[in-house]
Amino acid sequence: MPESDLIKVLHAIVGAKQVYASRKKTAYYRSGFRSGRGEALAVVFPKTLLQQWEVLQLCVDRGCAIIMQGAKTGLTEGSCPNGDDYGRPVVVINTTRLKKIILLDSGRQVLAFPGATLHDLEKLLKPLGRAPHSVIGSTTIGATIVGGIANNAGGALCKRGSSYTRLSLFARVDMSGQLQLVNHLGIRGLGDNSEEIFSRLESGQIDPDDLEDLDVPASDRSYADRVRDLKAGVPNRYNADPERLCDVSGSAGKVAAFAVRVDTYPLPEKKQVFILGTDDPEDFTELRRYILTHFKELPEMCEYMNREIFTVAERFGKDVFLSIKYIGTRRLPMAYALKSAVEYRLNKLSFLPKFLPDLILYHASRIFPRHLPKRLLDYRDRFQHYLILSMADDGIDEARAHLNSEWSRREGVGFFECNEKEQEAAMLHRFAAAGAAIRYQTVNQKTTEEVLALDIALLGNDLDWMDSIPPVVEAQLDLALDYGHFMCHVFHRDYIFKKGTDLKEMKAKLLERLDSKAAKYPAEHNVGHLYEAESQLKAFYEQLDPTNTFNPGIGKTSKHPRNIMT
C-alpha cells in the first residue's frame, strides 16, 4: 500500500484531525523529552480502544514499525523514533486521548486506559482517602499510569517500589505475524472478542463480583520487605529485574497496552517531614541501617541531597518551585506540553539561543523574592549532606524519639521538624532538583556540554554509597550533582562537563566503576535508545515481540523486522 493510501485509511479509522502526517505537525512527537528524535510516517491519536485496535491491525498488515507513545516524559529516548533506519514506515500511536479511569472494589483498585495519568488518578482517589500505587517525579507533568508500568518507573515511596502489575489487557504480534489481544485483566464477563471487550470497558461498568485474581499482584506488594533486606546481593529495584518483567510491566512499548489494573493504598492520616544534616556520610549510613532494621513503620519518603544539588536547585529550579506552588499541578502538564512545543520550533531558528523559553523562565524567576524558608537555607550553609525524611501516622513518634535520643548524640549533625510551610517547601525543592541540572546547563550552554544523567541502583548492603569520581573524569567536570531515594539506594547523578569533553568516554569511565560495584542502571527508566539492554531483558523483549514490530531498536537492539517463519 502506498504511504499516501495508508494515511487515507488511518483518516477513515480515527478521523483526519486525529492523524498528523506533515513533518511540521509530527515534529514534537518525533522527539524525546530531553533528547532523541527520528522519522515517522504519521502520528495517530485514537480516541477509543477499538480505534487503537484497528490502527494497530492496519499497521501490522502493512508491515509498519509501531511506536506506542504516552505523555512522552521519559528521559532515555524510548518513546520516540530514533533515526530513520527502520527499513519500513514508522507509525507513532499516541494514547493520550484514552484517559478513562474506572474505580474497582470501592477504589481499592482501578482500571486505567493507556492515556490515563497519575495526576488524574491522584485527584480521583483523594476524596476516597486513597493514593496511587506509585508517585514519580513526572506525575505532575502528565506521566501516564501505563507509561510508568511499561518503563518500570520507580519514584520516591519507601513502602512501594517500581510501577508494576500482572493484570493487563494488551496486544502483541505473535510468531506468525498475527496481531492478537491478550486478556490478563482478571475480570469475568468482558466478552469473547475484541469488540465486546472494548465496548464493556468503555462503558465503565465493572461489577465487583466479576473481579477475579485479587491475590495477583497489581503493584509491587513485596517491596517493603525487600528494602529492609540489608544483605541482599541485588538492588532493591531496577529496570531489568527479571522478577518484575511481566506482560506490560517492563515492556518498554514492546506490546500495545489497552488497560491495566492497579492497586491503590490508604492515604496516611498525618505526615511529618524532618530535615537532617551532616558533613559525614557515615552518619546517614548508620541511620539507614537503624531505620530499616528497627523501625516498625518505614518512612513515606527519605530523599538525599548534597549541597551542590541543593544550591543549584535553589537557583535554577526556582521557576518550577513557584509554578507548582502558585499555578498548581492541575495546569502543569498542559503548560509543559505548550513549552516543549514552542521550544521545539524556536530551536530550529539558528539565530536564537537553544531552549529560549527555559532561559526566559530562569531570568524571570530571579525577580521573585527568596522562596525557601530560612531554616532550610541555614542547613544548606551548615552541612554538606541532607536527608528529607517524611514519616506518617505512628511512624512520626517513632522517628521523633530516635532523632531526639540517638541521632542528636552524634557529633556534627542536626535535625529539625518542619512546620507546614517548611514541609511544603522541602518537598517542592526536592522535586525542582530533578530538572535543575538541565536548566543550569541551558543557562551555561556556551561553556558546558549536555547533561550526562545516570540513575543507578546500588546494592542494599553497599556502604560505599557516596559518588566517587575518578580523577580523569573530575578534571573535565564543571559540576556534579548527587541526589536520590536513600532507603532503597537509588541515586540520580547529573554530571555537567566542560565544553569539548568527550561525553561517551566520560560515561564509559563512570559506568566502569558502577559495574565494579555490581550496581544496576538505569534504575528507574527503561533502557530507551541510550543503554544496552541486559541479556535477560533482550530475551523478554523478543518473547513479547518476536517479529520486532513494536518499538524496534530499544536497548540498542536491531531496528529491522524479524521474519520468524523463514
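Not measured: the values here are computed from a predicted model.
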(request) Give the C-alpha distance, both sets of side-chain angles, the deciding distance and a yes or no for ring-ring contact (aromatic ring centres under 6.0 Å, His included) between Y521 and F491. (result) CA-CA 10 Å; Y521 51 84; F491 293 91; over 10 Å; no
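- Between A252 and N551, the shortest heavy-atom distance links the atoms O-ND2, 2.9 Å.
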(message) With side chain to side chain contact (heavy atoms under 4.5 Å, CB included) as the criterion, how do V273 and E417 come out once you've worked through the C-alpha distance, each side chain's angles and the decisive distance to 0.1 Å?
(response) CA-CA 6 Å; V273 171; E417 294 190 35; over 6 Å; no
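- Between F431 and H429, the distance from one ring center to the other does not fall under 6.0 angstrom.
- At least one side-chain heavy atom of N526 sits less than 4.5 Å from a side-chain heavy atom of N239.
- When side chains are defined from C-beta on, L479 does not count as touching Y495, because their heavy atoms never get closer than 4.5 Å.
- Of the candidates R221, R160, H133, R221 is the only one forming a side chain to side chain donor-acceptor pair (under 3.5 Å) with D263.
- Heavy-atom neighbours of Y290 OH from other residues, nucleotides or ligands within 6.0 Å: above the threshold of 12.
- The main-chain N or O of S31 is found under 3.5 Å from a side-chain atom of K72 such that the two form a donor-acceptor pair.
- Every residue two or more places apart in sequence or in another chain that forms a salt bridge (Lys or Arg N to Asp or Glu O under 4.0 Å) with K517 is listed here: D462, D464.
- Under 4.0 Å is where a charged nitrogen must lie from a carboxylate oxygen, and between K520 and D241 no such pair does.
- Distance check: L403 CG to F274 CZ gives 6.0 Å after rounding to the nearest 0.5 Å.
- In this structure, the side chain of E398 engages the main chain of E297 through a donor-acceptor pair within 3.5 Å.
- No side-chain donor-acceptor contact under 3.5 Å links Q384 and D279.
- Counting all heavy atoms, side chain and backbone alike, A437 lies closest to D494 at CB-OD2, 3.4 Å.
- The distance from atom OG of S134 to atom CD of E122, rounded to the nearest 0.5 Å, is 9.5 Å.
- A donor-acceptor pair under 3.5 Å is absent between the side-chain atoms of N444 and the main chain of T447, judged by distance alone.
- The nearest pair of heavy atoms linking W407 to G414 is NE1-O, 3.3 Å.
- The closest side-chain donor-acceptor pair between T117 and D120 falls under 3.5 angstrom.
- Taking the side chain as every heavy atom from C-beta outward, S163 and N152 never approach each other to under 4.5 Å.
- Residue A425 comes nearest to P373 through the heavy atom pair CB-CD, 3.5 Å, listed as atom of the first residue, atom of the second, then distance.
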(message) Would V527 and T76 count as a side chain to side chain contact (heavy atoms under 4.5 Å, CB included) here? Give the steps.
(response) CA-CA 6 Å; V527 288; T76 56; over 6 Å; no
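- A salt bridge links R439 with D319; the closest basic N to acidic carboxylate O contact falls under 4.0 Å.
- Residue T264 comes nearest to G107 through the heavy atom pair OG1-O, 2.5 Å, listed as atom of the first residue, atom of the second, then distance.
- Side-chain contact between H385 and M466: present, with at least one pair of heavy atoms (C-beta onward) separated by less than 4.5 Å.
- The ring-ring contact (aromatic ring centres under 6.0 Å, His included) test with F310 singles out one residue from F316, Y483, Y386, and that residue is Y386.
- Residues S249 and V260 form no side-chain contact, since every pair of their non-hydrogen atoms from C-beta on lies 4.5 Å or further apart.
- Side chains of R30 and N82 form no contact here, defined as non-hydrogen atoms less than 4.5 Å apart.
- Separation of atoms OG (S222) and OH (Y164) is listed at 8.5 Å; rounding is to 0.5 Å.
- To the nearest 0.5 Å, the span separating CD1 on I309 from CG on D482 amounts to 9.0 Å.
- Contacts of F497 classified as ring pair (Phe, Tyr, Trp, His ring centres under 6.0 Å), with partners at least two apart in sequence or in another chain: none.
- Residue pairs meeting the side-chain hydrogen bond (donor to acceptor under 3.5 Å, both in side chains) criterion with at least one partner in residues 359-375, sequence neighbours excluded, are R315-Y362, Y362-R366, K374-D378, R375-E422.
- Note that SG of C488 and OH of Y238 are 14.0 Å apart. Values are rounded to the nearest 0.5 Å.
- In this structure, the separation between OG on S251 and CD1 on I149 is 9.5 Å, given to the nearest 0.5 Å.
- For the pair K270 and D393, the salt-bridge criterion is not met [side-chain N within less than 4.0 Å of a carboxylate O].
- Between D397 and R400, at least one side-chain N (NZ, or NE/NH1/NH2) sits under 4.0 Å from a carboxylate O, which counts as a salt bridge.
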(message) Quick one, F416 with L376, criterion side chain to side chain contact (heavy atoms under 4.5 Å, CB included). Give me CA distance, side-chain angles, the key distance, then yes/no.
(response) CA-CA 10 Å; F416 68 88; L376 288 176; 4.1 Å; yes
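- Relative to the six-membered ring of Y531, K507 meets both conditions, a distance below 6.0 Å and an angle of at most 45° to the axis.
- Side-chain contact, D280 with T278: no donor N or O sits under 3.5 Å from an acceptor N or O.
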(request) For K556 and H529, run side chain to side chain contact (heavy atoms under 4.5 Å, CB included): C-alpha distance rounded to whole Å, both residues' side-chain angles, the deciding distance at 0.1 Å, then the answer. (result) CA-CA 6 Å; K556 297 188 181 295; H529 292 284; over 6 Å; no
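- Between V92 and P81 the shortest heavy-atom distance is CG2-CG, 4.0 Å.
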(request) Check step by step if side chain to side chain donor-acceptor pair (under 3.5 Å) holds for Y265 and S219. (result) CA-CA 10 Å; Y265 288 81; S219 63; 2.6 Å; yes
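- Between K498 and E449 no salt bridge is recorded (no basic side-chain N to carboxylate O distance below 4.0 Å).
- Side chain of R493 to backbone of L454: no donor-acceptor contact under 3.5 angstrom is found.
- In the displayed structure, D394 atom CG is contacted under 6.0 Å by at most 12 heavy atoms of other residues, nucleotides or ligands.
- Relative to the ring axis of Y379, R382 places its NZ or CZ within 45° and under 6.0 Å from the centre.
- In this structure, the side chain of Q445 engages the main chain of T442 through a donor-acceptor pair within 3.5 Å.
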(request) Please report the C-alpha distance between R410 and E286 in whole Å, then the side-chain angles of each, then the deciding distance to 0.1 Å, and finally whether the salt bridge (Lys or Arg N to Asp or Glu O under 4.0 Å) criterion is met. (result) CA-CA 11 Å; R410 305 182 75 93; E286 287 300 311; 5.2 Å; no
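- When side chains are defined from C-beta on, M427 counts as touching I388, because their heavy atoms get closer than 4.5 Å.
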(request) Could you check K499 against D478 for salt bridge (Lys or Arg N to Asp or Glu O under 4.0 Å), going step by step and ending with a plain yes or no? (result) CA-CA 9 Å; K499 203 73 171 178; D478 179 75; over 6 Å; no
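- Between H492 and H525, the ring planes lie tilted relative to each other; the angle falls in the 30° to 60° range.
- Taking 4.5 Å as the limit, every side-chain heavy atom of H489 sits out of range of all side-chain heavy atoms of L459.
- A donor-acceptor pair under 3.5 Å is absent between the side-chain atoms of Q272 and the main chain of M391, judged by distance alone.
- Residues R307 and T311 bring no donor and acceptor atom of their side chains to less than 3.5 Å of each other.
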